[in-house]
Amino acid sequence: MGLSTAVAWPPLMAAGPQFPAPGASLLLSEGEASAEGAMRQRPLLEGLSDAEKQRVMARGRKRVLYRGATLFSQGSPHDGIYLVETGRIRVFYAAPSGREITLAYWYPGNFVGGPEVFGGGTHVWSGMAASNSSVVHIPGAALRELVLEIPTLAIGVIEGLVFKGKCYSTMAQMLGTRSITERLAHLLLHLADLYGVPEDGGVLIAASFTHADLAHLVGATRQWVTISLKRLAERGVVEARRSEILIRRPDLLDEMRRSGDA
């Protein structure tokens with residue numbers, strides 16, 4: 001599995017849907033303007049020999065989760081990592097008030113469950129299956145033994161933690177310095193990049209995200225997102241199609257992302 005972009009724009013104009021490649025992620029972070037300079041993460045097991053991959057997987061336990069199932073909970077004890085095999089895992093923080101903010105969606109090739117990957121402490125956020133998913137749980141003690149035996153795996157764990165740290169840092173900066181309007185515009189362009197399918201009159205985001213999902217990603221309420229999308233539709237910037245969105249004027253979204261003009 002090769003390197004995969006987490007953020008890039010403009011969308012790839014290929015013949016079919018552009019779904020995230022193994023190792024990809026969906027985050028509210030800045031990234032770079034070109035695919036060559038975009039933030040990237042190497043899939044955890046990339047570079048391992050077949051024998052080494054078998055050793056890693058033999059120490060893990062596979063779990064299958066239906067959409068909405070909890071993988072780990074905020075405040076529960078850490079115990080290793082979860083390697084995403086299929087599906088999509090949403091990682092989020094819940095405030096005492098009950099309000100949630102999505103930190104990221106992680107796809108096959110990524111691992112979740114950090115930062116205390118060898119165990120100890122408690123989770124500071126939660127993870128759940130955003131779609132039917134399968135993961136491999138590698139306990140902390142087993143992971144510690146494996147990274148001592150397999151240097152390439154150790155490098156992969158370190159690179160993964162560095163990538164996550166950078167992503168969450170840039171997300172915190174965006175939440176602290178950008179308006180909600182700017183964040184929504186940025187997110188819509190990001191979704192068009194990851195899931196964009198060219199159509200007459202625009203780019204269709206060929207993936208299902210509810211208004212609540214979008215609100216959790218930008219730090220807003222569902223009502224605010226609904227009203228904002230309606231206003232954008234009235235201006236001809238987007239067109240709502242049930243749970244899908246057609247981006248008609250990415251140029252205007254880009255202006256909004258830069259200036260916050262609603």
Side-chain angles (χ1 to χ4, degrees), residues 1-7 19-27 29 38-92 103-169 194:
M1 291 186 288
L3 292 174
S4 54
T5 60
V7 179
F19 296 108
S25 52
L26 169 59
L27 313 106
S29 53
M39 291 192 299
R40 299 168 182 263
Q41 180 179 18
R42 189 183 304 275
L44 180 61
L45 301 186
E46 182 179 270
L48 274 66
S49 68
D50 290 340
E52 290 172 333
K53 291 177 182 177
Q54 291 177 3
R55 287 171 61 189
V56 172
M57 300 302 280
R59 300 298 298 274
R61 181 178 180 181
K62 186 170 182 175
R63 289 184 57 183
V64 176
L65 304 122
Y66 291 106
R67 179 180 179 180
T70 298
L71 180 59
F72 55 87
S73 300
Q74 192 171 314
S76 63
H78 266 286
D79 185 21
I81 63 173
Y82 300 88
L83 177 61
V84 183
E85 283 193 313
T86 64
R88 184 173 70 190
I89 301 298
R90 173 183 174 238
V91 177
F92 63 96
L103 303 176
Y105 286 87
W106 299 103
Y107 296 90
N110 291 128
F111 69 88
V112 296
E116 296 181 80
V117 295
F118 299 133
T122 58
H123 287 285
V124 293
W125 47 70
S126 299
M128 63 167 287
S131 63
N132 294 342
S133 306
S134 63
V135 301
V136 175
H137 177 221
I138 304 175
L143 183 62
R144 182 182 290 274
E145 294 176 6
L146 287 166
V147 297
L148 290 173
E149 299 168 357
I150 308 174
T152 304
L153 177 63
I155 293 173
V157 171
I158 293 170
E159 289 181 342
L161 292 174
V162 169
F163 177 82
K164 294 175 191 296
K166 287 182 177 180
C167 289
Y168 294 153
S169 176
L194 283 176

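As the structure is a prediction and not an experimental result, all values here were calculated from the model.
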Colleague: For F72, enumerate each residue passing the ring pair (Phe, Tyr, Trp, His ring centres under 6.0 Å) test, keeping only those at least two apart in sequence or located in another chain.
Modeller: Y82, H123
Colleague: What's the separation between atom CG in L44 and atom CD1 in I155, rounded to the nearest 0.5 Å?
Modeller: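 Going from the CG atom of L44 to the CD1 atom of I155 covers 12.0 Å.
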Colleague: Looking only at non-hydrogen atoms, find the nearest pair between L153 and L48 and report the distance.
Modeller: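 Closest approach of L153 to L48: N-CD1, 4.0 Å.
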Colleague: Donor-acceptor pair, distance only, cut-off 3.5 Å: does the side chain of K164 make one with the backbone of F111?
Modeller: yes
Colleague: Do any pairs count as a salt bridge (charged side-chain N to carboxylate O under 4.0 Å, His left out) and have a residue in residues 103-119, sequence neighbours left out, and if so which ones?
Modeller: none
Colleague: Report yes if some heavy atom in the side chain of L83 is under 4.5 Å from a heavy atom in the side chain of V56; otherwise report no.
Modeller: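 No; the side chains remain at least 4.5 Å from each other.
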Colleague: What pairs meet the side-chain hydrogen bond (donor to acceptor under 3.5 Å, both in side chains) rule with one or both residues in residues 139-149, with sequence neighbours excluded?
Modeller: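 Listed once each, the pairs are R55-E149, R59-E145.
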Colleague: Could you report the tightest heavy-atom contact between V84 and I89, atom names first, then the distance?
Modeller: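 That would be CG2-CG1, 3.9 Å.
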Colleague: Please report the interatomic distance OH(Y66) to CG(N132), rounded to the nearest 0.5 Å.
Modeller: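 Those atoms lie 7.0 Å apart.
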Colleague: With a 4.5 Å heavy-atom cut-off, do F118 and V147 have their side chains touching?
Modeller: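 Side chain of F118 against side chain of V147, heavy atoms only: contact under 4.5 Å found.
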Colleague: Return the set of residues passing side chain to side chain donor-acceptor pair (under 3.5 Å) with T70 (not counting sequence neighbours), or none when no residue passes.
Modeller: none
Colleague: Taking H78 for its side chain and G113 for its backbone only, find out whether a donor-acceptor pair lies under 3.5 Å.
Modeller: yes
Colleague: Could you measure the distance from the NZ atom of K53 to the CD1 atom of I150? Nearest 0.5 Å is fine.
Modeller: 11.5 Å
Colleague: Under the side-chain hydrogen bond (donor to acceptor under 3.5 Å, both in side chains) definition, can you give me all pairs with a residue in residues 133-143, not counting sequence neighbours?
Modeller: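 Qualifying pairs: T86-S134.
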Colleague: Has S126 got a side-chain atom pairing as donor or acceptor with Q74's backbone, closer than 3.5 angstrom?
Modeller: yes
Colleague: Would you list the pairs meeting salt bridge (charged side-chain N to carboxylate O under 4.0 Å, His left out) in which at least one residue belongs to residues 67-91, sequence neighbours left out?
Modeller: K62-E85, R90-E100
Colleague: Work out which heavy atom in W125 is nearest to a heavy atom in G114; give both atom names and the distance.
Modeller: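 W125 and G114 have their closest heavy atoms at CZ2-O, 3.9 Å.
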